[in-house]
Every structure is written in structure tokens, then in C-alpha cells.
Peer 1: 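This is the structure I have questions about; it appears just below.
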Amino acid sequence: MTDRYEPREIELRWQARWAESGLYQTPDQVPGRENWYALTMFPYTSGDLHVGHWFTMAPSDALARWRRMSGYNVLFPMGFDAFGMPAENAAIKGGMHPQDWTNANIERMRGQLQSMGAMFDWSRELYASSPEYYRWTQWWFLQMVRLGLAYRAKAAANWCPSCQTVLANEQVSDGNCERCDTAVVQRSMEQWFLRTTQYAEELLHNEHLDWPEHVKVMQRNWIGRSEGAEVAFALESPTADGSTEVRVFTTRPDTLHGVTFMVLAPEHALVSQLVTAEQRVAVEAYVETASYETDIERQSTEREKTGVFTGAYCVNRLTGRRVPIWVADYVLVTYGTGAVMAVPAHDERDFAFAQKYALPIEVVIAPPDWDGAPLDAAYTAPGNMVHSQQFDGMTSTDAKGAITRYLDEQSWGHATIVYRLRDWLVSRQRYWGAPIPMIYCEACGLVPVPEDQLPVLLPYDVEFLPTGESPLARSEAFVNVDCPRCGAAARRETDTMDTFMCSSWYFMRYADAHNASAALSSEAARAWLPVDQYTGGAEHATMHLLYARFFYKMARDAGVVSGDEPFTRYFAQGQILGPDGRRMSKSRGNVIAPDSQVERWGADTFRAYLMFLGPWEQGGPYDVDGIVGISRWLHRVWSVATDPPTFADAPDSPETRELRALVHRTIAKVTDDLGRYRMNTMVSALMELTNALQRARDESAHQPVDRAAWVEALDTLALLIAPACPHIAEELWARAGHEYSVHQQSWPIADPALLRRLSVEIPVQVDGRVRERVEVPAEATAAEVRALAEALPKVAELLAGREVARVVYVPGRLLNLVLR
RNA sequence: GCCGAAGUGGCGGAAUGGCAGACGCGGCGGUCUCAAAAACCGUUGAGGGGAAACCCUCGUGCGGGUUCGACCCCCGCCUUCGGCACCA
């Protein structure tokens, strides 16, 4: 057996054998094995698998394979995130139907995924755009309607003028559309929302999850809990619609006596009610201007604050003081009550605004050593209360609670908690998504589509050009329907669902992918959920990963799953960059096509190289020259496995023991590294073992190798490389005469007796500097090691005439002689 | 501005209180070849000393500190990358 290592020949052959023997089909239960659910994020059907997909999936596959060899019944499924606007946009550009475009991409990408040689269980494959899947996405929507978690409301929504649809808050980044980077504007529209805020407090508590800390922090910041008080100020004169108060949220009830004006968001409902006749023209012009501004313009902290006086006043009940009401676009209608009390002395924004418009600034918390002079900047730190009636003299920290209690007693306000998180806006005015299963009836109002009438099929034959209205609205056949309740003519909802709805539960469906009578059975849920190990990019921290957590809690409350969290462990890999260290993109011309790498080097080499690049969580540039190192290594593996040394029968020789010790140390190291997601050092350790085997083989003419130890070493090497390089491992395993398959073998266990070294080389330090080395028995005492060290001529010389003040001996590691 | 992560040879990185630079790329020298490429072998942090085996000094973003001993822990900065950003 001296033939060359031909990766592609081996890989295609074994991939075919694995598929034909059903090696990766995972039953729901296997006697004597615990289930382990490993999942990597399913790809969007963009048309081509890129290096980033491989960078997430190949190491995830290695981890799944390792769990499988460690005795688990491992589910590692794959599917496609097949709904979404890019399909529609690409289809429009290319003149193709989104469905045909998507299906063609799925075919192509499935083939690319299969070239990876991953242990995906294709029998559970799903894609979000199939009626068998979105039927249940619609079903979930109905559960949320039932639970009061889905509602329709008119609200200011993020509108992307390019995508011609609204977007969820999470899908706006720096005021731009997450997908196309167009500046988002606010539009007031009737939309469907999911009540994510109902779970805000529960979602906030993610501390116990085995997730990267920075992702958990991002989620907590996104949810943004603030404790404070809601305070009602009395309007001086009631409005035409009968409003008598304006309510504000503040985290600083201690500054309530310093309120000198009030600010409403331009979109606040009271603005048009309370504006006086003299101010109406100015206010309406201001509100109009604000409505055309993009989020980036409005939310720039650099921009000078602007505002307009409404002419109206309210009363601070605490002081009886008359407070002018302004409108300003730095106040957001979507946070708190959409109105703020302005305390310029103790808030930087209010201070700037007061200065610009010459509004009074009144100190109610004394800065340290304050002499009563006007402030030249807002004082925002704690201090002692002044000009605050009965609260004078308290610390501001104490006054927060005291004033809130007082407000409560007087029924002027109460303590409250406000979240930054908003309800999830899920309706989209686009074609390529799951239709929202609701019907509008003149007589009955909003009627859910009965569950037995699902799915509401997305019609194929539709003009899908975006117009700002759902293309489904122009399909008479789709829109016209009889009311399920009264039978009268009615109209279907024509908006479709945000694709994040589809991706919020796909991991549940894998557990029971072909169930035609339920989203998933309770047995399947019990068998597989929650996901034991999830992997994917942290760019989803406040989108997919947050939505999925919400969805799972909803599924729990709907009685479908038990448990509170969908992903027990989650690991966020870094991002793979182009060779130039920048994001890969076609326009930069720095894209590495995985297919070409596989073609040139083989899948095993490419997989191992992606793991070897560096720490997985870090990512980094793809160095096209570096991969040759992995290729050389696998050729060396091939060489040691197929070209044996000169053998001897010497089970007890020092060389045999040394070889076996290295093998077992490598087992321990590789196992530990996999447990800590350190695939880069795992590959290094495997290289070291290979190099040692090669050296032993090359020297075996003079120093023959014990046959049994050699066989143990080669078998172990095949088992240890199986997770990273499944094809060459399988080939070598078969060539060694073992039974199919290496991937069904037990993971090797390191023998502790062999891990112990008999003797160790200890560095001898004098005053912290290494001066010599000495070979000592592993269990030597400090005194013994010191005696051996001091006997060394060089050490003796350094110690001559000096006194050893202290001896530090770290067993097996180092000796340090500290001189006086 | 706030929150988080990270700064180590020419490059990717290793070592989480104990021999800094494992493993790999690249470079240099060699084998093979008419030659080149590939492959394989050797060598490779910087500076200095020695004919040589070797020896000495410096060295993990910067400045301090703790310790017998610090890439690692503590304090103060600088830089880079991510996230959030008028959230009342």
C-alpha cells in the first residue's frame, strides 16, 4: 500500500457510502445512548455557499462527530432559510420567479453542503418556503393570536423606501436598513406586532445560559431595563378630546422640583390637541419636517437640538408651578410615554435645550461646594436636595424613593419600569414570505383562519413588483374569501411575515420534520429540545437569538414545549475575512470560493485549515498560502499510515513507553480542546503526534518500533482526526482492516498511568533566571531536586560564596534558588 | 460618550502565575533536477561573545505595582475591532 493520498477520490467515495448506508440518519431514541442536539444556523438561500458558512459549519460538524463518538445519539440537521426579500429582489432583477430562484439555489447549495462531508441528517431537511413548513409557521401565529401575543395596531414604523416595506426595530442599524443600507424613515401604519415586551423581564435574565458573555450583555442592553416613575402633570386647560393630563416617564424623580418645561415627541397624540391657535402653524410645520427626517438625522447626538413652543402649559402638582409645553424631535415617541419632563440643571440634553431657547434652569440637587451660583453645565451626579420643599436636606438617592412614594400617596404618579425593547413588528408588505393567516370580515371583524384550513397558500401567479403595498393585495383569487365565522364575503390579510418568524422555530421542527398533524409532537420535543449546542454568528445577538428565545417562551406557554430556553449552549464563531483582512465581498474582489478550495485541496484539508487558522471565536483573514501546511500534514498522516516502520517486539522499552505516552497525552489534549472549542490547538497536537510517528518510522532501521504500540498509535490517530477530517480517517480505518465505520467507534480514553511521566527535565533558576536543566524523577522531593541541581558545576559556580535564602520547587515544573 | 473584546517573531497564532514564541505559513540553506516548480530534509525572535559544543543581554502596546517568579494578577494610559448611542 504505497499509493498516493488522493483526497477527492477518497472523499467522493466515502460520501457516497455514508449516504447509501444511512450512516447519519438519526433515530429519535437509541437504547443506552443519551440524545445530543447539535445545531448550526441554517443558511439563507443566497445561491452560493461561501467560506463563512464553512467556517461555522465545519467546526460545528467536528464537535457533533466528537459527541457522537463519545456515546451520544447526535442529531445534526440542516435546512434552508428560504423566504425573504433578497430572493424577491434578485428574482425581480433576473426576471425569475422568487420560488424558482429559491428552489434552484437550494439544489445548488445542498450539493455544496454535501461536499463538506458533514454528518447532516438530510432525512430531516426542511426549508421555510415549503407549504409543509410555513403551514406551521402560520399555526404558531394563530397560537400567538390566541394567547393575546399578536395584535394589530397603528404605530410609527420603520419604513425602508428601497425595500418598500416596514422593518422591525432590530432590523435597523445606525438608522439604515439592515439589508440594503438605505436610510429608514418613520411612517405611521397599521401593522401586526408580537408582544415581545410581555417577556421583557424574562428575556433580560439570561445570566444562567452557557452563552458568550458579550452576546448576553448585548441582549440585556438591547432590552434596556430602566427603573423610575411615571408622573402625570395636569394640563392647564383640558383638550377638545377630554385629556386632562400629560404623563411622563423619568428615572430621576428626585429632580421633579427642578422641572422648568415639558417636551413632547412630534408624533405624540396630544400635540395637535393642546397646541394654541397662535402656535399651530409653527408646530405643524415642525412636526411635518420631523416626519420626513430619517432616523440617522434625528438621532444624531451631534446635531443641535431644535423645538417649538406649543403655547400650552401644564402644572407641576408638586410645586404648583406653571410649565410650558414644547415639541422637540429629540424626544422619541416610542420610548416611555413619548413625553419628558425637562430638568435642565440636572440633564445635559435639557440643559442644552434650555440654553438655546432661554428657558429657566433651576438647581434642586446641590453639587459639592455649590455656592448658589448658576451652573455652566448640567450636574447629573447625586448630591443633596435643595429648593425641594420637604425633601430638602435628603440625599438625592434617598429622595428618589421618598418622592415616588409621595406621588403615589397623592395619586400623581407611581414607580414603574420601562424597557427599551419594543414589540416585534412582523408584517411585511412583500410577496416572498408566509402569508399572515387572518381574515377581515365586515360583520365579525378580525377572524383567524381556522387551523384546519392551513396553510394559507402563497399564490404562485402574482405580479410581485414592490409598490409599498403587499403584492398579494392585487390577487383577487387570494384576497377574496368567505368569512369562516359568518360565511359572508370577506378579505384576507395580504401582508406576509418577517422571515425571522420562520427562523425562530426551525430548530423545533427538525425534531419532528415530517409531522403532518402538528408542528411537533410532545415526544419529539421531549426527545430533542432544547438544543444542546448551537453555533452561529453573533451578528444575530439582538435579532434571531432574541426572537428565538421569545418564541420558545411562547411555545412553552402554548403548551407545546417544556423548559424556558431554546439553546442551552451557544457558541459564536468569529468572522472569516478576505486575504486582505477586510470583509469578503464581490466588489472588493477578495472572495474565496469554497468549491475551488475543495477542488484543489480536498474537503478534509479545507475543513482542518479553517479550524487551524486561529481561535474559532476570533475569526480572521483567510491566508491562501497557509492551507498548504495542512495539505502537507495530511500527506504525512497518509505516509505514516501506509508506509510502516521496521518493527520489533519491545513492549517495555523506554522508546515504546515514550511513544505510548505521547499517544495518550494527545488523546487527553484533543479531548480537552474539543470541550473548549479549541480546534486550532487540537490540530497542532495532531500534527505533533504525526511528526513524532514519522520520526520514529524514519529512524526505525536503527531503532525498531514496537508493533503493538505502532498499531495503537495509528488507530488512535485515525480516531482522533475523525471529527476534523472524516474522510481520510474513514479510509485509514478501513485500510487498517477495521469494521465500518470509524464514525461509529468509541472515542479513545487516555490511560492515566501512561500520562504520568517517570522522569522530567526541570529548569533550574537562580534568582528567577534559567541557568541549567536537570533530569529528575517525577516524584522527587524539593530537597532531592535541590541537591541534584546544586551538584551541577554551573549552578555550583553561581552559588559559590552565596547563601540560598529560599528554595521554590514546583513539582515537575521548575526549581528556583533565591540568593540572599 | 457608554458597554464589550483584543494588542506576543516577517505573518496566523501557542503558553492564563513557573523554560515566551508550540504548531503552521513565509524566509534562508540543502537533496532531487539540464533548469524551474512541486516534494522532501535542515535552519529561522533581536543584539552581542566564541574556532566550536555553547554562553550572555534584551524581548509579549506604554507607564507603574504585587510576587522568589508576570504575556498572565492589580492600578493608570494608548491603539484597534465589535455593539449601543438624545432611551429621559
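Naming convention: chains lettered A, B, ... in sequence-line order (proteins, then strands); numbering from 1 in each chain.
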Peer 1: Cut-off 3.5 Å, no hydrogens considered: what does the side-chain donor-acceptor table look like for residues 326-335 of chain A, sequence neighbours left out?
Peer 2:
{"unit_1": "A:Asp329", "atom_1": "OD1", "unit_2": "A:Tyr286", "atom_2": "OH", "d": "3.4"}
{"unit_1": "A:Asp329", "atom_1": "OD1", "unit_2": "A:Arg303", "atom_2": "NH2", "d": "3.3"}
{"unit_1": "A:Asp329", "atom_1": "OD2", "unit_2": "A:Arg303", "atom_2": "NH2", "d": "2.5"}
{"unit_1": "A:Tyr330", "atom_1": "OH", "unit_2": "A:Asp350", "atom_2": "OD1", "d": "3.1"}
{"unit_1": "A:Thr334", "atom_1": "OG1", "unit_2": "A:Arg422", "atom_2": "NH1", "d": "2.9"}
{"unit_1": "A:Thr334", "atom_1": "OG1", "unit_2": "A:Arg422", "atom_2": "NH2", "d": "3.3"}
{"unit_1": "A:Tyr335", "atom_1": "OH", "unit_2": "A:Ser226", "atom_2": "OG", "d": "3.4"}

Peer 1: Report which part of the nucleic acid A:Arg422 touches: base, sugar-phosphate, or nothing (heavy-atom distance under 4.0 Å, all strands).
Peer 2: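 Contact class for A:Arg422: base.
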Peer 1: Counting side-chain heavy atoms from CB outward, which of B:A88, B:A15, B:C56 is closest to A:Lys794?
Peer 2: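 The answer is B:C56.
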Peer 1: Should B:A46 form a Watson-Crick or G-U wobble pair with both distances under 3.5 Å, which nucleotide is its partner?
Peer 2: B:U57
Peer 1: In whole angstroms, how far is the C1' atom of B:C68 from the CZ atom of A:Arg806?
Peer 2: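 Nearest whole value for this atom pair: 5 Å.
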Peer 1: Using distance only, find each side-chain donor-acceptor pair of residues 805-812 of chain A under 3.5 Å and give its atom names and separation, not counting sequence neighbours.
Peer 2:
{"unit_1": "A:Tyr809", "atom_1": "OH", "unit_2": "A:Gly812", "atom_2": "N", "d": "3.3"}

Peer 1: Assign a letter to each nucleotide of nucleotides 16-23 of chain B from its 5' end: B, base within under 4.0 Å of a protein heavy atom; S, sugar-phosphate only; -, no contact.
Peer 2: --BB--BB
Peer 1: Is A:Val818 touching bases, backbone alone, or none of the nucleic acid, heavy atoms closer than 4.0 Å?
Peer 2: sugar-phosphate
Peer 1: Rounded off to whole Å, could you give me the CG-to-C1' distance for the A:Asp698 and B:A39 pair?
Peer 2: 14 Å
Peer 1: Which nucleotide, in any strand shown, forms a Watson-Crick or G-U wobble pair with B:C72, with both distances under 3.5 Å?
Peer 2: none
Peer 1: Roughly how many Å is it from CZ in A:Arg420 to C1' in B:C86, rounded to a whole number?
Peer 2: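 Result: 13 Å.
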Peer 1: For A:Arg769 and for A:Arg632, find the nucleotide of RNA chain B with the closest heavy atom, then tell me which residue's nucleotide is more 5'.
Peer 2: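 Upstream on the strand: A:Arg632.
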Peer 1: In this structure, how many angstroms lie between the P atom of B:C81 and the CZ atom of A:Arg582, rounded?
Peer 2: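 Distance check: A:Arg582 CZ to B:C81 P gives 13 Å.
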Peer 1: For B:G7, which nucleotide in any strand shown is its Watson-Crick or wobble partner with both distances under 3.5 Å?
Peer 2: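 When the pairing criteria are applied, B:C78 turns out to be the nucleotide that pairs with B:G7.
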Peer 1: Hey, what's the ring geometry for A:His540 with A:Phe500, parallel, tilted or perpendicular (30° and 60° as the breaks)?
Peer 2: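 Geometry flag for A:Phe500 against A:His540: perpendicular rings.
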Peer 1: Name the nucleic acid region contacted by A:Leu613, choosing base, sugar-phosphate or nothing; use a 4.0 angstrom heavy-atom cut-off, strictly under.
Peer 2: sugar-phosphate
Peer 1: Could you tell me which residues satisfy side-chain contact (heavy atoms from CB on, under 4.5 Å) with A:Gln694, sequence neighbours excluded, listed by chain and number?
Peer 2: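 Expected list: A:Arg636, A:Val640, A:Arg697, A:Asp698.
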Peer 1: Using a 4.5 Å cut-off on heavy atoms from C-beta on, say whether the side chain of A:Arg600 contacts that of A:Ile627.
Peer 2: no
Peer 1: Across all strands, who's sitting opposite B:A85 as a Watson-Crick or G-U wobble pair, both distances under 3.5 Å?
Peer 2: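 Partner of B:A85: none.
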Peer 1: Would you mind reporting whether A:Phe351 and A:Asp347 have side-chain heavy atoms less than 4.5 Å apart?
Peer 2: no
Peer 1: Between A:Tyr5 (OH) and B:A39 (C1'), how many Å, whole number?
Peer 2: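 Interatomic distance, OH of A:Tyr5 to C1' of B:A39: 16 Å.
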Peer 1: Check the distance between B:G24's C1' and A:Leu634's CG and give it to me in whole angstrom.
Peer 2: 13 Å
Peer 1: Does B:C34 pair with anything, Watson-Crick or G-U wobble, both distances under 3.5 Å, and if so, with which nucleotide?
Peer 2: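 Because no pair has both required distances under 3.5 Å, B:C34 counts as unpaired.
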Peer 1: Between atom CZ in A:Arg802 and atom P in B:C68, what is the gap in whole Å?
Peer 2: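 Between P of B:C68 and CZ of A:Arg802: 17 Å.
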Peer 1: A:Ser226 near the nucleic acid: base, sugar-phosphate alone, or nothing, with a heavy-atom cut-off under 4.0 Å?
Peer 2: sugar-phosphate
Peer 1: Which whole-number value in Å describes the distance from A:Arg697 CZ to B:C41 C1'?
Peer 2: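 So the CZ-C1' distance, A:Arg697 to B:C41, works out to 13 Å.
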Peer 1: Taking any heavy-atom pair under 4.0 Å as a contact, classify A:Pro615: base, sugar-phosphate, or nothing.
Peer 2: sugar-phosphate
Peer 1: Go ahead and name the base partner of B:A15; Watson-Crick or wobble counts if both distances stay under 3.5 Å, otherwise write none.
Peer 2: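 WC or wobble partner does not exist here.
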Peer 1: Just compare B:C25, B:A88, B:C56 and give me whichever is closest to any side-chain atom of A:Val628.
Peer 2: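 It is B:C25.
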Peer 1: State which residues pass ring-ring contact (aromatic ring centres under 6.0 Å, His included) with A:Tyr570; sequence neighbours excluded, sorted by chain then number.
Peer 2: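 Scan of A:Tyr570 (ring-ring contact (aromatic ring centres under 6.0 Å, His included), adjacent residues dropped) gives A:Trp211.
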Peer 1: Of all residues at least two apart in sequence or in a different chain, which pass the ring-ring contact (aromatic ring centres under 6.0 Å, His included) check with A:Trp222?
Peer 2: none
